[in-house]
2 protein chains.
Amino acid sequence: MAQGGPNTSSGENLLFLTDEQLRKGIEAMFFAYRGFTADPDRILEEYGYGRAHHRALHFINRSHGTTVNNLLTTLGVTKQSLNRVLRGLIEDGLVEARVGRTDRRERNLFLTEKGQELERKLAEAQRVRMRAAYRAAGPQAVAGFRQVLEAMMDDDIRQTYHSLKDGR
Amino acid sequence: MAQGGPNTSSGENLLFLTDEQLRKGIEAMFFAYRGFTADPDRILEEYGYGRAHHRALHFINRSHGTTVNNLLTTLGVTKQSLNRVLRGLIEDGLVEARVGRTDRRERNLFLTEKGQELERKLAEAQRVRMRAAYRAAGPQAVAGFRQVLEAMMDDDIRQTYHSLKDGR
DNA sequence: TTGGAATGTCAACAAGGCTGACATAACATT
DNA sequence: AATGTTATGTCAGCCTTGTTGACATTCCAA
């Protein structure tokens, strides 16, 4: 589909984008996101957690010792909303909040052994599907997939995404 | 599709997929979906509607005269959940529910002029971002994007997606 | 000492999922 | 004609996860 094709006469790589084609892309995003979250959701249900808990676990694991404020901006929710989720995870012993060394107002967040266990389980379930999709589509498709997703992000979110890109 | 690349020495098209690469893809999906819904969300807020209303409007527009049951399975929610949303849209005169001709138990759903107006507004906002992302990434990337998304769907959802593919 | 930043907490609310139960109406079958 | 099934709507209640607003505490920094 769409490799240059009959509609590119100039050097500019102009895409021939009908509303119909865009609509297909929109629907694909909608349906694919459902698949994307389906497997973790099933696991979370067993534990009595929701998607918000998964996201918290993911980004705490991603950035050991991150602060609440950091997590807030990454997740794009209010502190009250995050706090409720975090409180549950701390009470259940999946997350530990240590008082900051340099700034003692801050809380540095860490996963406990138990927290790492659940995170691994969720991540692996999600990776299995992702891996299958990548394999089915092939390496070129994967590169394109990532390019389009990145271009779809809000500018400030893309910053966040890149700052996470190479871990820390 | 997917002609090898540097990592394929065998006939099998083996991708070199590290957990790190998969994680980047997972995070890209998360952040991109936020961008994907951001523009319509802002419009919906002005009208006092939510994302659920957008989805209903989209698929009713997509398939004029579809039944409640059809919409239910497409959206993947319960009838109670959909009914609440639908009731609001009907009361506000955006959606019309006509008694079925052949089977009078069914309700065929249509957008009114007013409903089409909002749908167009939402769709155009979403298309603007999609179009920009497609342009930025290029036609090959777009093809890959769609391939990976499709591979990520649940099998039964992929059926639904395809049945919608060529219009009604 | 005082201002402001970071965090936590309480309360209230809303959207939008869910389940269960029940009511109609209409079609289908016996 | 009676019965069963299907499509839909509706009521009630519950959950998660988002929101705002208000206020307390802690503690860094000027």
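Atom set for the values below is all heavy atoms of this structure, side chains included, hydrogens, waters and symmetry mates excluded. Numbered from 1 within each chain, the chains take letters A, B, ... in sequence-line order.
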Evaluate the criterion salt bridge (charged side-chain N to carboxylate O under 4.0 Å, His left out) for residue pair A:Glu124 and A:Arg131; output intermediate values, then yes/no. CA-CA 10 Å; A:Glu124 186 49 29; A:Arg131 209 179 281 126; 3.6 Å; yes
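- Between B:Asn83 and D:dT8, a side-chain N or O to OP1/OP2 separation shorter than 4.0 Å is absent.
- Taking only side-chain nitrogens and oxygens, A:Arg55 comes nearer than 4.0 Å to OP1 or OP2 of D:dG18.
- Residue side chain A:Gln80 reaches the base of D:dG21 through a donor-acceptor N/O pair under 3.5 Å, judged by distance alone.
- One can find a donor-acceptor pair under 3.5 Å joining the base of D:dG18 and the side-chain atoms of A:Arg84.
- B:Arg101 places its CZ atom 16 Å from the C1' atom of C:dA26, with the value rounded to the nearest Å.
- B:Gly76 comes within 4.0 angstrom of sugar-phosphate atoms only, judged by non-hydrogen atoms across all strands, and of no base.
- Among the nucleotides C:dG17, D:dT6, D:dT17, the one closest to any side-chain atom of A:Ser81 is D:dT17.
- Whole-Å rounding puts the B:Leu82 CG to D:dG9 P distance at 8 Å.
- Note on B:His53: every side-chain N or O is 4.0 Å or more away from OP1 and OP2 of C:dA15.
- The NZ atom of A:Lys79 sits 9 Å away from the C1' atom of C:dT9 (whole-angstrom rounding).
- Atom CZ in B:Arg98 sits about 22 Å away from atom P in C:dA25, given to the nearest Å.
- Applying the 3.5 Å distance criterion, the base of D:dT6 shares a donor-acceptor pair with the side chain of B:Arg105.
- Using modelled atom types and a 3.5 Å distance limit, the side chains of A:Tyr49 and A:Asp92 yield a donor-acceptor pair.
- The residue among B:Asn108 and A:Arg107 whose nearest nucleotide of DNA chain D lies closer to the 5′ end is B:Asn108.
- Atom CG in B:Leu44 sits roughly 15 Å away from atom C1' in D:dG18 (whole-Å rounding).
- With sequence neighbours excluded, the residues satisfying ring-ring contact (aromatic ring centres under 6.0 Å, His included) with A:Phe31 are B:Phe59.
- Residue A:Thr78 has a polar side-chain atom (N or O) positioned under 4.0 Å from OP1 or OP2 of D:dT19.
- Between B:Asn69 and D:dT6 there is no side-chain polar atom (N or O) within less than 4.0 angstrom of OP1 or OP2.
- In this structure, A:Leu72 places its CG atom 9 Å from P of D:dT19, rounding to the nearest Å.
- Between the CZ atom of A:Arg51 and the P atom of C:dG16 there is a distance of 14 Å, given to the nearest Å.
- The 5' end of DNA chain D is approached more closely, in terms of each residue's nearest nucleotide, by B:Asp103 than by the other of B:Asp103 and A:Arg104.
- Here C:dT7 presents its P atom at 10 Å from CG of A:Leu71, a figure rounded to the nearest Å.
- A salt bridge links B:Asp19 and A:Arg127; the closest N-O separation between the charged side-chain nitrogens and carboxylate oxygens is under 4.0 Å.
- To the nearest 0.5 Å, the span separating CE on A:Met152 from OG1 on B:Thr37 amounts to 11.0 Å.
- B:Val95 is listed as a side-chain neighbour of B:Leu111, based on a closest heavy-atom distance under 4.5 Å.
- The phosphate of D:dT10 has OP1 or OP2 within less than 4.0 Å of a side-chain N or O from B:Arg87.
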